[in-house]
Amino acid sequence: MRLGYREEDGARLGTLLWEFGPGWRMISSAVLGGGVGPRAWVLNAQVVAGYSRMDPAGHLASLAPPGEGVGMMTAASVSRRVTASDGGVQVVATVGLRVPTWAAAPEGAPDPELAPMLGPPPVGTINIVAALPVAMTDAALVNAVMTVTEAKTQALVETGFAGTGTASDAVCVAVREEGAEELFGGPRSTWGTRLARAVHQAVREGAEAWRPDDKE
């Protein structure tokens with residue numbers, strides 16, 4: 001994992017790049033390289049608060065290395081990433097929590113992300129990248145994303161944040177292409193339970209350390 005910086009929109013912004021190389025398959029909700037398939041890198045790029053570009057995938061591609069990979073963005077400072085590991089599972093999370101959001105809000109409820117801002121634009125987004133040293137079926141990968149989300153939400157509830165996440169959270173789970181495929185990724189499966197513990201640890205630590213001025 002490599003941390004770099006760039007000057008953009010009058011700000012010094014960080015980028016985190018994981019160069020996995022060949023032999024990895026990923027599932028992601030990210031705007032660039034999302035879905036399921038072979039991927040060689042993951043980029044987590046910091047952007048200015050109040051980001052309003054309409055071409056996020058193209059923007060991320062301009063910052064990324066060549067080849068197939070996953071690109072996500074956040075207004076939170078990526079230099080304050082949190083890492084955790086458990087039984088061979090590696091997790092990195094960047095945590096921004098100015099506007100925590102409940103997934104199921106009443107119809108017609110005002111969206112805090114769109115409310116008029118009296119102060120600085122909100123800093124949000126929890127981006128999570130997890131790497132497992134095993135192969136998984138597509139179904140197990142979907143199950144692993146569920147496990148990541150459940151563990152993230154548990155950490156937020158335990159640290160007192162009123163929400164299940166933010167409206168722009170992204171996740172990426174990387175597994176090996178070769179080897180016997182694991183059939184399950186839920187929180188009580190062999191690898192799912194390790195994944196859950198590592199995600200919970202990283203997000204909880206990030207939530208406890210989060211500051212409203214979490215920006216460069």
Side-chain angles (χ1 to χ4, degrees), residues 1 16 18-44 68-72 74 81-95 97 100-104 125-161 163-209:
M1 181 174 59
L16 283 177
W18 295 264
E19 295 185 281
F20 285 80
W24 290 87
R25 201 163 71 98
M26 302 184 190
I27 183 170
S28 179
S29 64
V31 66
L32 177 65
V36 181
R39 305 286 189 269
W41 48 262
V42 178
L43 177 74
N44 190 8
E68 295 294 325
V70 169
M72 54 184 70
T74 178
R81 77 275 191 193
V82 181
T83 62
S85 61
D86 192 294
V89 176
Q90 304 289 326
V91 169
V92 180
T94 54
V95 179
L97 279 165
T101 303
W102 293 111
T125 304
I126 300 171
N127 286 342
I128 299 171
V129 180
L132 290 74
V134 292
M136 283 187 161
T137 64
D138 284 355
L141 280 173
V142 174
N143 208 177
V145 171
M146 292 172 60
T147 296
V148 168
T149 304
E150 291 170 0
K152 173 194 72 174
T153 300
Q154 180 182 338
L156 295 182
V157 171
E158 289 176 354
T159 48
F161 285 93
T164 52
T166 83
S168 52
D169 292 353
V171 61
C172 178
V173 177
V175 298
R176 303 298 304 189
E177 282 191 298
E178 300 296 329
E181 292 184 324
E182 296 291 321
L183 302 178
F184 307 105
R188 290 299 171 265
S189 66
T190 298
W191 287 99
T193 191
R194 298 169 182 171
L195 176 63
R197 286 194 296 260
V199 169
H200 175 266
Q201 178 184 337
V203 175
R204 177 156 185 161
E205 183 177 334
E208 289 173 340

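- Contact annotation: the side chain of Gln154 never approaches that of Glu150 to less than 4.5 Å [non-hydrogen atoms, C-beta and beyond].
- Put simply, the side chain of Asn127 never gets that close to the backbone of Thr94: no donor and acceptor are under 3.5 Å apart.
- With Ser28 contributing its side chain and Val171 its backbone, the two residues share a donor-acceptor pair below 3.5 Å.
- Thr153 and Thr164 share no donor-acceptor pair across their side chains, judged by distance under 3.5 Å alone.
- The closest donor-acceptor contact from the side chain of Thr193 to the backbone of Thr190 lies at 3.5 Å or more, if one exists at all.
- Other residues, nucleotides and ligands contribute more than 12 heavy atoms inside 6.0 Å of the CZ atom of Phe20.
- A heavy-atom distance below 4.5 Å is not found between the side chains of Val175 and Trp191.
- The minimum heavy-atom distance linking Ala202 with Val82 is given by the pair O-CG1, 3.6 Å.
- The shortest heavy-atom contact between Thr147 and Gly185 is OG1-O, 2.7 Å.
- A 4.5 Å side-chain heavy-atom check between Val42 and Met26 finds at least one atom pair inside the cut-off.
- Distance check, rounded to the nearest 0.5 Å: CD1 of Ile27 to SG of Cys172 gives 9.0 Å.
- No side-chain heavy atom of Leu132 sits under 4.5 Å from any side-chain heavy atom of Glu182.
- Nearest approach of Ala207 to Leu97, heavy atoms of both residues: CB-CD1, 3.9 Å.
- Between the side chain of Asn143 and the backbone N or O of Gly186 there is at least one donor-acceptor pair closer than 3.5 Å.
- No side-chain heavy atom of Gln90 sits under 4.5 Å from any side-chain heavy atom of Thr83.
- Counting heavy atoms from C-beta outward, Leu156 and Ile126 have side chains that approach closer than 4.5 Å.
- Going from atom CH2 of Trp18 over to atom CE of Met1 covers 6.0 Å, rounded to the nearest 0.5 Å.
- Side chain of Arg39 to backbone of Gly33: a donor-acceptor contact under 3.5 angstrom is found.
- Within the 4.5 Å cutoff, side-chain heavy atoms of Pro38 are placed close to those of Glu177.
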